[in-house]
Amino acid sequence: MTFYSLPFTPERPEATEARLEKIYEAAKFGLKGDSLALASGLTPAQYRRLAEFDPLVEMAEQKGRAEGEYVA
C-alpha cells in the first residue's frame, strides 16, 4: 500500500483592480448573489470569501448598483 502526500495550498482570491471592475460592471447591470459572482469570473464561494477578506469588494458592488440605478 502506497500513501501519497498532496500539498495543501489555501486559495485566497485577491481583489485586484480588474476583478473589482468586473464586480462593479456586473452590479451595474443589476446582477445579485451567485449571478454576480459568476459574471465576475468567480465561483459563489470564492466571491463570498473575497468579500469577507476585502471591504473594497462590497464598495465596488454598492457603487455599481448605484450607477446602474442612476443611469436606468
Side-chain angles (χ1 to χ4, degrees):
M1 180 180 277
T2 305
F3 291 97
Y4 294 97
S5 176
L6 300 175
F8 174 72
T9 54
E11 180 184 337
R12 183 171 177 209
E14 295 181 27
T16 61
E17 186 176 347
R19 188 162 282 163
L20 290 172
E21 186 67 30
K22 286 182 179 182
I23 292 168
Y24 171 84
E25 290 296 326
K28 187 175 175 180
F29 285 115
L31 297 177
K32 297 179 182 179
D34 292 351
S35 297
L36 181 123
L38 293 170
S40 300
L42 299 165
T43 65
Q46 287 174 326
Y47 180 79
R48 286 189 294 273
R49 198 172 314 121
L50 182 62
E52 179 181 331
F53 287 117
D54 196 338
L56 288 177
V57 173
E58 186 178 348
M59 180 62 74
E61 184 178 346
Q62 289 175 347
K63 286 184 123 184
R65 287 195 201 293
E67 183 74 20
E69 290 176 8
Y70 179 74
V71 174

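The minimum heavy-atom distance between Glu67 and Tyr24, with the atom names listed, is CG-OH, 3.2 Å. Closest of all the heavy-atom pairs between Ala37 and Pro44 is CB-CA, 3.8 Å.
Using a 4.5 Å cut-off between side-chain heavy atoms of Ile, Leu, Val, Met, Phe, Trp and Tyr, Leu31 falls into a hydrophobic cluster with Leu20, Ile23, Leu36, Leu42, Tyr47, Leu50, Leu56, Val57.
Looking at residues two or more places apart in sequence or on another chain, you find no side chain to side chain donor-acceptor pair (under 3.5 Å) involving Ser35. With sequence neighbours excluded, the residues that form a salt bridge (charged side-chain N to carboxylate O under 4.0 Å, His left out) with Glu61 are Arg65. Applying the side-chain contact (heavy atoms from CB on, under 4.5 Å) criterion to Glu58, with sequence neighbours excluded, gives Gln62. Shown here are the salt bridge (charged side-chain N to carboxylate O under 4.0 Å, His left out) partners of Arg19, two or more places apart in sequence or in another chain: there are none. In terms of the salt bridge (charged side-chain N to carboxylate O under 4.0 Å, His left out) criterion, Arg49 has no residue partners (sequence neighbours excluded).
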Would Met59 and Asp54 count as a side-chain contact (heavy atoms from CB on, under 4.5 Å) here? Give the steps. CA-CA 10 Å; Met59 180 62 74; Asp54 196 338; over 6 Å; no

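The environment of CZ in Phe29 is sparse: at most 12 heavy-atom neighbours from other residues, nucleotides or ligands sit within 6.0 Å.
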